[in-house]
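Here the structure is a predicted model, which is why all the values come from computation and not from measurement.
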Amino acid sequence: MTTDMAPDLDRLMTLMTGDEKHGPAATSTLDVLRVLYDRVLRVTPQTSDAADRDRFLLSKGHGPMAYYAVLAAKGFFPEDLLAGFGSYDSPLGHHPDRLLVPGAEIGSGSLGHGLPLGVGTVLGLRAQRLTRPRVWVLIGDAELDEGSVHEAIAYAGPAGLEQLHTVVIDNASARYGRPGGIAARFEAAEWSIRSVDGRDHEELYAAFTAPHPGRPHAVVARVEPKNP
């Protein structure tokens with residue numbers, strides 16, 4: 001675990017002033033990202049290529065300001081890159097590019113890709129007999145409208161992909177409702193599931209670290225979006 005980055009995050013967020021920031025989408029993820037990178041994920045700039053690192057996949061790639069701020073706070077890249085966010089020659093685009101952003105595991109932005117990639121990552125780790133790394137995927141509630149996400153959910157539970165974790169940011173942006181709510185979809189596919197206040201750091205930490213032997217784990221984080 002590393003030093004709490006909270007005092008610096010608000011300042012880092014203000015450095016990104018480009019157009020089309022998707023501010024509410026970004027800030028809805030900030031608390032989840034802070035808790036994950038401060039207290040849960042086993043990855044640092046020094047271990048970002050290590051085979052036994054944890055993998056974090058930002059499937060909710062719209063509005064990556066919070067992600068960039070957290071990566072800068074953790075030392076994955078210098079904070080002076082933040083001021084160029086979204087500009088022509090900046091590596092920090094409106095959607096993260098894994099070839100340009102240090103610490104980014106995937107390129108994202110198109111909805112529905114992250115969780116299937118997470119499933120594939122876990123299967124790849126299993127094939128290499130790497131059982132220690134955990135794979136975390138952050139998705140938005142609207143992504144649950146994508147068939148590829150439902151296929152990943154349906155496969156991962158019966159396959160017992162214990163290394164797979166997903167956090168669903170529930171900011172009521174989904175077009176379609178689900179009988180029983182978001183948690184019921186994961187429960188039906190044999191996932192471990194927790195629903196929490198997405199701004200409460202202790203609730204988030206307890207949910208992220210809850211044991212779930214033999215099953216993938218999902219955390220539904222309810223948030224009220226706020227502009228930076």
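Residue Asp80 qualifies as enclosed at atom CG: its count of foreign heavy atoms under 6.0 Å is above 12. The environment of Arg98 atom CZ is sparse: at most 12 non-hydrogen atoms of other residues, nucleotides or ligands sit within 6.0 angstrom.
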message: Run the side chain to side chain contact (heavy atoms under 4.5 Å, CB included) test on Glu79 and Leu15 for me, step by step, so that the C-alpha distance in whole Å, both residues' side-chain angles and the decisive distance to 0.1 Å come before the verdict.
response: CA-CA 9 Å; Glu79 68 172 66; Leu15 298 179; 4.1 Å; yes

- request: Kindly determine whether Ile182 and Leu144 satisfy side chain to side chain contact (heavy atoms under 4.5 Å, CB included), including the steps that lead there.
  value: CA-CA 8 Å; Ile182 292 172; Leu144 292 170; 3.6 Å; yes

message: Working note: Val32 + Val223, criterion side chain to side chain contact (heavy atoms under 4.5 Å, CB included); need CA distance, chi angles, decisive distance, verdict.
response: CA-CA 10 Å; Val32 164; Val223 299; 5.8 Å; no

- request: Begin with the C-alpha distance, continue with both residues' side-chain angles, and end with the deciding distance and a verdict on side chain to side chain contact (heavy atoms under 4.5 Å, CB included) for Val101 and Phe76.
  value: CA-CA 9 Å; Val101 181; Phe76 285 89; over 6 Å; no

- prompt: Is there a side chain to side chain donor-acceptor pair (under 3.5 Å) between His62 and His94 once you walk through the steps?
  reply: CA-CA 7 Å; His62 289 73; His94 293 297; over 6 Å; no

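Using cut-offs of 30° and 60° for the angle between ring planes, the Tyr37 and Tyr67 rings count as tilted.
Using a 4.0 Å cut-off between a side-chain N of Lys or Arg and a carboxylate O of Asp or Glu, Asp170 and Arg222 do not qualify as a salt bridge. We find that Asp31 and Arg34 are not joined by a salt bridge, their nearest charged nitrogen and carboxylate oxygen being 4.0 Å or further apart. A salt bridge is defined here as a Lys NZ or Arg NE, NH1 or NH2 lying under 4.0 Å from an Asp or Glu carboxylate O, and Arg132 with Asp54 fails to meet this definition. Salt-bridge check for Glu105 with Arg53: passed, with a basic side-chain N closer than 4.0 Å to an acidic carboxylate O. One finds no salt bridge joining Glu203 and Arg194 here, because no Lys/Arg side-chain nitrogen approaches an Asp/Glu carboxylate oxygen to under 4.0 Å. Taking the charged nitrogens against the carboxylate oxygens, Glu202 and Arg39 do have a contact shorter than 4.0 Å, which makes a salt bridge.
Side-chain N or O atoms of Thr47 include none that pairs as donor or acceptor with a backbone N or O of Ala50 at under 3.5 Å. In this structure, Thr209 contributes its side chain and Tyr205 its backbone to a donor-acceptor pair below 3.5 Å. In this structure a side-chain-to-backbone donor-acceptor pair under 3.5 Å is missing from Glu146 to Gly112. Looking only at distances, no side-chain donor or acceptor of Ser59 sits under 3.5 Å from a matching main-chain atom of Ile139. Remark: the backbone N or O of His212 is not paired with any side-chain donor or acceptor of Ser192 at under 3.5 angstrom. In this structure, Tyr68 contributes its side chain and Phe85 its backbone to no donor-acceptor pair below 3.5 Å.
The structure places CZ of Phe77 at 5.5 Å from CG of Leu82, a figure rounded to the nearest 0.5 Å. Distance check: His217 NE2 to Arg134 CZ gives 11.0 Å after rounding to the nearest 0.5 Å. The distance from the CG atom of Leu33 to the CG atom of Leu71 is 8.5 Å, given to the nearest 0.5 Å. For the atom pair CD of Gln128 and CG of Asp52, the computed distance is 11.5 Å after rounding to the nearest 0.5 Å. Atom CG of Asp97 and atom CG of Leu92 lie 10.5 Å apart (nearest 0.5 Å). Rounded to the nearest 0.5 Å, atoms NZ (Lys60) and OG (Ser108) are 11.0 Å apart.
Counting heavy atoms from C-beta on, the side chains of Phe208 and Val219 come closer than 4.5 Å. Using a 4.5 Å heavy-atom cutoff, the side chains of Val40 and Trp136 are in contact. The closest side-chain heavy-atom distance from His113 to Ile106 is not below 4.5 Å. Side-chain contact between Leu125 and Gln163 is present, with heavy atoms from C-beta onward closer than 4.5 Å. Trp191 places a side-chain heavy atom less than 4.5 Å from the side chain of Leu164. Within the 4.5 Å cutoff, the side chain of Val135 has no heavy atoms near those of the His165 side chain. Side-chain atoms of Arg55 and Val122, non-hydrogen and from C-beta on, never get closer than 4.5 Å to each other.
When every heavy atom of Arg199 is checked against every heavy atom of Thr27, the shortest pair comes out as NH1-O, 2.9 Å. Shown here for Phe186 and Ala218, the closest heavy-atom pair between the two residues is CD2-CB, 3.6 Å. Across all their heavy atoms, Leu115 and Ala152 have their closest contact at CG-CB, 3.8 Å. When every heavy atom of Gly61 is checked against every heavy atom of His95, the shortest pair comes out as O-ND1, 3.5 Å. Closest approach of Ala221 to Val167, counting heavy atoms only: CB-CG1, 4.3 Å. Summarising the geometry of Ala73 relative to Leu12, their closest heavy-atom pair is CB-CD1, 3.7 Å, with the distance given to 0.1 Å.
Grouping the Ile, Leu, Val, Met, Phe, Trp and Tyr side chains by contacts below 4.5 angstrom, directly or via other members, places Leu111 apart from Ile169.
With sequence neighbours left out, Ser87 forms a side chain to side chain contact (heavy atoms under 4.5 Å, CB included) with Asp89, Ser90.
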